[in-house]
Amino acid sequence: MVSAVIEKGRQGSFDEDLVLVERFLNGNTHAFEELYSKYYEKVFAIARGVLMDSDEASDAVQEVFTLVYRHLARFDKRSRFSTWLFRVAVNRSIQEARRNRYRSRTVALTEAAANIAPEEPDTTDPKVQATMAKLSPADRALLVLFYWEELSLQDIADSIGCGVNAAKTRLYRARERFRLIYEANP
């Protein structure tokens, strides 16, 4: 248990969240509350970026944390907790977006990142918002993870369950689709 956390720390990058995971798995419910508080805004930003609706994003975030709470024992600790959590958030958000694909949503993208990175440049350009709304949920997820959450390609690959080269290719294609839609609408 704790020895696995210490050993992981010796092997390379130490994930402080593993201590909280172990504490939760050993019966300390406050440890999960700490994880929830630490990651709520980032998970909300991911869901908001994919779903483009605050209410739907709030619902998705609650479902993500409920899933994580129920299945935390299945977390195998080969990746960082945050990577696993973001993967759950991306997958759940994409599933929700697919269910709601026939409902048109256009919202300000800055709401997704406003609580996390207020120093980010203003992206309230309606053309950017409209372009993002026309992209698939998977493309929006990639762009949000890379540009708004500023995850590395390795973290994105881990979050979406593919290799780094595949993540790089998918991100390139998502950017190209964004560019084509953006340029086609004056």
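Contact record, V64 with A89: CG2-CA, 3.7 Å, taken as the closest heavy-atom pair. Nearest heavy-atom pair across V61 and F44 is CG2-CA, 3.4 Å. The shortest heavy-atom contact between I94 and A138 is CD1-CA, 3.8 Å. Summarising the geometry of A60 relative to S93, their closest heavy-atom pair is CB-OG, 4.5 Å, with the distance given to 0.1 Å.
With respect to the salt-bridge test (charged N to carboxylate O, under 4.0 angstrom), the residues R80 and D155 qualify. We find that E33 and K38 are not joined by a salt bridge, their nearest charged nitrogen and carboxylate oxygen being 4.0 Å or further apart. The existence of a salt bridge linking E22 and K77 is confirmed by a sub-4.0 Å separation between a basic side-chain nitrogen and an acidic carboxylate oxygen.
Applying the side chain to side chain contact (heavy atoms under 4.5 Å, CB included) criterion to E34, with sequence neighbours excluded, gives L20, R23. Taking R74 as the reference, H71 meet the side chain to side chain donor-acceptor pair (under 3.5 Å) condition, with sequence neighbours excluded. Under the side chain to side chain donor-acceptor pair (under 3.5 Å) criterion, Y36 pairs with Q62, not counting sequence neighbours. Scanning for side chain to side chain donor-acceptor pair (under 3.5 Å) contacts around Y182 gives D125, with sequence neighbours left out. Under the side chain to side chain donor-acceptor pair (under 3.5 Å) criterion, R177 pairs with D139, sequence neighbours left out.
Applying the salt bridge (charged side-chain N to carboxylate O under 4.0 Å, His left out) test to pairs two or more places apart or on separate chains, those with a residue in residues 160-176 are E176-R179.
Cluster annotation: F81 and Y69 are assigned to the same hydrophobic cluster (Ile/Leu/Val/Met/Phe/Trp/Tyr, side-chain heavy-atom contacts under 4.5 Å, transitive). Tracing side-chain contacts under 4.5 Å through hydrophobic residues (I, L, V, M, F, W, Y), one reaches L25 starting from L85; they form part of the same cluster. By the rule that hydrophobic residues join a cluster once side-chain heavy atoms approach within less than 4.5 Å of another member, L180 and L171 end up as members of separate clusters. Criterion: ILVMFWY side-chain heavy atoms under 4.5 Å apart, direct or through other members. Under it, Y172 and V164 are not part of a common hydrophobic cluster.
In this structure, the separation between CG on L142 and CD1 on I160 is 4.5 Å, given to the nearest 0.5 Å. The structure places CZ of F146 at 9.5 Å from CG of L151, a figure rounded to the nearest 0.5 Å. A distance of 8.5 Å separates CG in L135 from CE in M52, rounded to the nearest 0.5 Å. The NE2 atom of H30 lies 12.0 Å from the OG atom of S37; values are rounded to the nearest 0.5 Å. From L153, atom CG reaches atom SG of C162 across 9.5 Å, with rounding to the nearest 0.5 Å. To the nearest 0.5 Å, the span separating OG on S58 from CD on E63 amounts to 11.5 Å.
You'll find the side chain of W148 reaches within 4.5 Å of the side chain of V144, heavy atoms only. Annotation: side chain of R140 is in contact with side chain of P137 (closest heavy-atom distance under 4.5 Å). Using a 4.5 Å heavy-atom threshold, the side chains of F75 and L18 count as touching. At a threshold of 4.5 Å between non-hydrogen side-chain atoms, the residues L72 and W84 count as touching. Within the 4.5 Å cutoff, no side-chain heavy atoms of D158 are placed close to those of R87.
Of the possible donor and acceptor atoms, one in the side chain of T169 sits under 3.5 Å from a partner among the backbone N and O of N165.
Only one option out of I181, V50, L143 pairs with M132 in a side chain to side chain contact (heavy atoms under 4.5 Å, CB included); it is L143.
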side-chain hydrogen bond (donor to acceptor under 3.5 Å, both in side chains) for N91 and Q95? Distances and angles first, verdict last. CA-CA 6 Å; N91 290 340; Q95 287 172 355; over 6 Å; no

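Residues F65 and Y39 place their aromatic rings such that the two centres sit no closer than 6.0 Å.
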